[in-house]
Amino acid sequence: MSTTGATADPLAALGELPGVAESVESVRKAVDRVYGHRIMRRRSNAITSEAALRGARGSAALSGADWALEEVRRRSDFSGDDEARAVGAALRLTAEAGQLLSIWRQSPLRVLARLHLVAAADKADQVGRPRQEGEPVAEPLVEPLVELPLPGAEEMQGRLDGLAGLVMAGGSAPALVTAAVVHGELLALRPFTSHNGLVARAAERIVLIGSGLDPKSVCAAEVGHAELGRAAYLAALDGYASGTPEGMAAWIAHCGRAVELGARESTAVCEALQRGAA
């Protein structure tokens, strides 16, 4: 979706696409169910911590490092191969996201740069800033699966500035719509030379938390995205990139389903804690 030259509150218009209101309502009900669980009143911090771990695992899986949850829980060294580094990056981003909530609405580009710096954990010149003309995007675990045309640096920067403007302006769009657009636009633009998927999903998390939809960060959309699978994720992304009303609505619905599945996962964790099984 191009965000340059857009009319006032274009995100609100996306909320009126066929099926989007139903997705928004379904997400709200799923979130309300987990927040209404009695365990959330007593042990919400434990649910938040577990959702963070499972969300990081899911995001890493979408980036090609599909590790078992217990392996992620067990490991302390993530400096080995590309898969280990992807899992480590996902864990760092999940921890960092909560520290950036107060900055997001005022300076989303600063937050995105910080997320990339945290993910890359490198001091290279390309880290923590948008890519420049001629700089390649290197995503060794997922590059063969991403077939969307890569925008040139000038187009990318213009659209990134437009996205930042929409975030700073706020508006009446539902949180799900805003989160889906931030996520989809970052995947389509791939503004950094690496770790774009991880950064995009961390930004989606920030929107969902900061909007008040999921203030305790227990409905990890990354869990749902991973459960739905990379093929479905990329097919839905193709719809977003098409810019058609049908494609945009399908992407928003896909993101909504991911949030619902994340909420369902945390509900299951609540049930396990209630039984004393976790």
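- The two residues Leu112 and Phe192 come nearest to each other via the heavy atoms O-CZ, 3.5 Å.
- Between Arg190 and Pro149, the shortest heavy-atom contact is NH2-O, 3.1 Å.
- From Ser23, atom OG reaches atom CG of Leu176 across 6.5 Å, with rounding to the nearest 0.5 Å.
- Using a 4.5 Å cut-off on side-chain heavy atoms (C-beta onward), Ile39 and Ile47 make contact.
- A heavy-atom distance below 4.5 Å is not found between the side chains of Asp238 and Trp251.
- Residues Arg201 and Ser59 bring a donor and an acceptor atom of their side chains to less than 3.5 Å of each other.
- Between Tyr240 and Val181, some side-chain heavy-atom pair lies under the 4.5 Å cut-off.
- Remark: side-chain polar atoms of Arg110 are not paired, donor with acceptor, to backbone N or O of Ser107 under 3.5 angstrom.
- Here the CG atom belonging to Leu11 is positioned 5.0 Å from the OG1 atom belonging to Thr178, to the nearest 0.5 angstrom.
- Of all the heavy atoms in Arg57 and Trp67, the pair that sits closest is NH1-O, 2.7 Å.
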Checking Asn196 against Val137 for the side-chain contact (heavy atoms from CB on, under 4.5 Å) test, could you report, in this order, the C-alpha distance in whole Å, the side-chain angles of both residues, the deciding distance, and whether it holds? CA-CA 9 Å; Asn196 288 290; Val137 173; 3.6 Å; yes
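- The nearest pair of heavy atoms linking Ser217 to Ala51 is O-CB, 3.7 Å.
- Of all the heavy atoms in Ala97 and Arg205, the pair that sits closest is CB-CD, 4.1 Å.
- Criterion: ILVMFWY side-chain heavy atoms under 4.5 Å apart, direct or through other members. Under it, Val207 and Tyr233 are part of a common hydrophobic cluster.
- A heavy-atom distance below 4.5 Å is found between the side chains of Leu115 and Leu100.
- Between the side chain of Arg92 and the backbone N or O of Ala119 there is at least one donor-acceptor pair closer than 3.5 Å.
- To the nearest 0.5 Å, atom OG1 of residue Thr94 and atom CG of residue Leu198 are 9.0 Å apart.
- Inspection of the His116 and Ser194 side chains reveals an N or O donor paired with an N or O acceptor under 3.5 Å.
- Between Glu227 and Arg264 the shortest side-chain heavy-atom distance falls below 4.5 Å.
- Placement of Leu261 and Val259 in two distinct hydrophobic clusters is found when ILVMFWY residues are connected by side-chain heavy-atom separations under 4.5 Å, directly or transitively.
- The distance from atom CE of Met156 to atom CD of Glu133, rounded to the nearest 0.5 Å, is 8.5 Å.
- Remark: the backbone N or O of Lys216 is paired with a side-chain donor or acceptor of Thr48 at under 3.5 angstrom.
- With a 4.5 Å cut-off on side-chain heavy atoms, Gln274 and His37 count as touching.
- Side-chain atoms of Glu260 and Ser26, non-hydrogen and from C-beta on, do get closer than 4.5 Å to each other.
- Linking ILVMFWY side-chain heavy atoms closer than 4.5 Å, directly or via other members, places Leu213 and Leu101 in a single hydrophobic cluster.
- In this structure, CG in Leu189 is found 4.5 Å from CZ in Arg159, a value given to the nearest 0.5 Å.
- Side chains of Arg85 and Ser79: no donor on one and acceptor on the other come within 3.5 Å.
- For the side-chain contact (heavy atoms from CB on, under 4.5 Å) test with Pro108, the passing option among Ile103, Val167, Leu166, Leu160 is Val167; the others fail.
- No side-chain heavy atom of Val218 sits under 4.5 Å from any side-chain heavy atom of Glu50.
- Taking every heavy atom of both residues into account, Gly170 and Arg105 meet most closely at CA-NH2, 3.4 Å.
- Hydrophobic clustering, with ILVMFWY side chains joined whenever heavy atoms are under 4.5 angstrom apart, groups Ile209 together with Val34.
- Here CE of Met40 is found 9.0 Å from OG1 of Thr267. Values are rounded to the nearest 0.5 Å.
- The backbone N or O of Ser172 lies less than 3.5 Å from a partner atom in the side chain of Asp9, making a donor-acceptor pair.
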Original post:
Are Asp161 and Leu109 close enough, and set up right, to give a side-chain contact (heavy atoms from CB on, under 4.5 Å), and what steps lead you there?
Top reply: CA-CA 8 Å; Asp161 289 343; Leu109 295 183; 3.5 Å; yes
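- Outside the 6.0 Å centre-distance limit, the rings of His254 and His183 are not counted as a close aromatic pair.
- A donor-acceptor distance shorter than 3.5 angstrom exists from the side chain of Ser242 to the backbone of Thr244, with no hydrogens or angles considered.
- Tracing side-chain contacts under 4.5 Å through hydrophobic residues (I, L, V, M, F, W, Y), one never reaches Val127 starting from Phe78; they form parts of separate clusters.
- Ser266 places no side-chain N or O within 3.5 Å of a backbone atom of Cys219 that could act as its donor or acceptor partner.
- Around CD of Glu154, the count of heavy atoms belonging to other residues, nucleotides or ligands within 6.0 Å does not exceed 12.
- With hydrogens and angles ignored, the 3.5 Å screen pairs no side-chain donor or acceptor of Arg131 with any backbone N or O of Gln126.
- Side-chain N or O atoms of Glu185 include none that pairs as donor or acceptor with a backbone N or O of Val182 at under 3.5 Å.
- The closest donor-acceptor contact from the side chain of Glu222 to the backbone of Gly58 lies at 3.5 Å or more, if one exists at all.
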